[in-house]
Amino acid sequence: ADAAFVAISGDLTERGDIASYELLRDRLKRFPLQTHLMLGNHDDRGNFAHVFGGADAQGFVQHAISVRGTRFLFLDTLKGPPSSAGLYDAPRRDWLKAALAEIDGAPAYIFMHHPPFDIGHDLMDLIKLDDAEGFAELLAGRNIRHIFFGHAHRPISGQWRGIPSSAL
C-alpha cells in the first residue's frame, strides 16, 4: 500500500480483444494504486487505445511520470503481427530522446515489455527487442538506474551495458 505506483509490463491480454481490455479496465478501477500499463506482443495497440486511450501523436502507447525528482519512462515496444519480437523504431526513439533530454541527467527508470538483450532462452532470445544496438546508443551516457521488462515469463536480473535490469 505504500508503493507510488504499479507498472504492468505487457501481455495485458492473451489476444488483444476489446472485451479483455474492458475487463482489465473495470478491475483496475477497484485497484487502490496508480497503475501504468505497457503493451506486450499479445496486445493490440488499436483495441487498447479504444478502451484506455493514451496513445501519443504517432499512435504509440508510451508516457513518462516524475516521482520525487526521478523520471519513470514507460515504453511501447510492440512490433505487431505477425512478429512477437519488439521494436523501438525512429518515432519512438525520438520520443525517448526528447524525454531523456528534458530531464537533463536526472535519474531515470525504464519500463518496457521486450528486453533489449538475450536472456539465455532459445525461443525468447529470437523475439527480444529488434535493434538492441540502436537502443543501447540512445541510453549511453544517460543516468538510467534500472530497466524493468516483461516478456520473459520468468524472474531474471542482471546488468546490460552497465545498467541493472530485471523481470518479475
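Just so we're clear, the structure is a prediction, and the values are computed from it rather than from any experiment.
- Panel note: side chain D44, backbone G16; no donor-acceptor pair is recorded below 3.5 Å.
- Every side-chain contact (heavy atoms from CB on, under 4.5 Å) that E14 has, sequence neighbours left out, goes to H42.
- Residues satisfying the salt bridge (Lys or Arg N to Asp or Glu O under 4.0 Å) test with D125, not counting sequence neighbours, are none.
- Nearest heavy-atom pair, D130 versus A85, reported as atom, atom and distance to 0.1 Å: OD1-CB, 3.8 Å.
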Derivation of the side chain to side chain contact (heavy atoms under 4.5 Å, CB included) call for L37 and F48: CA-CA 10 Å; L37 304 175; F48 175 89; 3.8 Å; yes

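- Counting non-hydrogen atoms of neighbouring residues, nucleotides and ligands closer than 6.0 angstrom, the CG atom of L168 reaches no more than 12 such neighbours.
- The CG atom of N143 sits 10.0 Å away from atom CD1 of I163, with the distance rounded to the nearest 0.5 Å.
- Between G150 and P115, the shortest heavy-atom distance links the atoms O-CD, 4.3 Å.
- Screening residues 49-68 for salt bridge (Lys or Arg N to Asp or Glu O under 4.0 Å), with sequence neighbours left out, gives no hits.
- Residues F117 and F135 place their aromatic rings such that the two centres sit no closer than 6.0 Å.
- Minimum interatomic distance between M112 and S9 (heavy atoms only, all atoms of both residues): O-CB, 3.8 Å.
- Every side-chain contact (heavy atoms from CB on, under 4.5 Å) that D89 has, sequence neighbours left out, goes to F60, L87, P91, R92.
- Taking the six-membered ring for Trp and the full ring otherwise, F111 and F149 have centroids separated by 6.0 Å or more.
- Every side-chain contact (heavy atoms from CB on, under 4.5 Å) that R154 has, sequence neighbours left out, goes to H121, M124, A152, I156.
- Neither I127 nor L39 shares a network with the other; the hydrophobic side chains, linked directly or stepwise wherever heavy atoms of I, L, V, M, F, W or Y lie under 4.5 Å apart, form separate groups for each.
- Separation of atoms CG (L33) and CG (L28) is listed at 10.5 Å; rounding is to 0.5 Å.
- Sequence neighbours left out, the pairs with a member in residues 158-168 that pass salt bridge (Lys or Arg N to Asp or Glu O under 4.0 Å) are E133-R161.
- In the hydrophobic clustering of ILVMFWY residues, with side-chain heavy atoms under 4.5 Å counting as a link, F148 and V6 come out apart.
- The side-chain contact (heavy atoms from CB on, under 4.5 Å) test applied to L100 returns L73, L96, I103, A108, L138, L139, R142, I144, not counting sequence neighbours.
- Listed by first then second residue, pairs satisfying side-chain hydrogen bond (donor to acceptor under 3.5 Å, both in side chains) with a partner in residues 30-41 read Q34-H36, H36-H63, N41-H113, N41-H151, not counting sequence neighbours.
- Scanning for salt bridge (Lys or Arg N to Asp or Glu O under 4.0 Å) contacts around E22 gives an empty result, with sequence neighbours left out.
- Rounded to the nearest 0.5 Å, atoms CG (L75) and CG (L129) are 9.0 Å apart.
- The side-chain hydrogen bond (donor to acceptor under 3.5 Å, both in side chains) pairs that include a residue from residues 95-110 are R71-E102, where partners are two or more places apart or lie in different chains.
- Shown here are the salt bridge (Lys or Arg N to Asp or Glu O under 4.0 Å) partners of D118, two or more places apart in sequence or in another chain: K128.
- The closest side-chain donor-acceptor pair between Y21 and D43 falls under 3.5 angstrom.
- Scanning both residues, L78 and R45, for their nearest heavy atoms gives O-NH2, 2.7 Å.
- Separating the CZ atom in F72 from the CD1 atom in I65 is a distance of 6.5 Å, to the nearest 0.5 Å.
- Listed here is the closest heavy atom pair of G86 and H114: N-CD2, 3.2 Å.
- Hydrophobic clustering (side-chain heavy atoms under 4.5 Å, transitive across Ile, Leu, Val, Met, Phe, Trp, Tyr) keeps M38 apart from L24.
- Remark: R25 pairs with no residue by the salt bridge (Lys or Arg N to Asp or Glu O under 4.0 Å) rule, at least two apart or across chains.
- The OG atom of S83 lies 10.5 Å from the CG atom of L126; values are rounded to the nearest 0.5 Å.
- L123 is not connected to I119 by any chain of hydrophobic side-chain contacts under 4.5 Å among Ile, Leu, Val, Met, Phe, Trp and Tyr, and they are in different clusters.
- Hydrophobic clustering keeps L23 apart from F31 (ILVMFWY residues linked when any side-chain heavy atoms are closer than 4.5 Å, directly or through intermediates).
- Going from atom CG of N47 over to atom OG1 of T13 covers 8.5 Å, rounded to the nearest 0.5 Å.
- Considering all non-hydrogen atoms of both residues, W160 and S165 come closest at N-OG, 4.5 Å.
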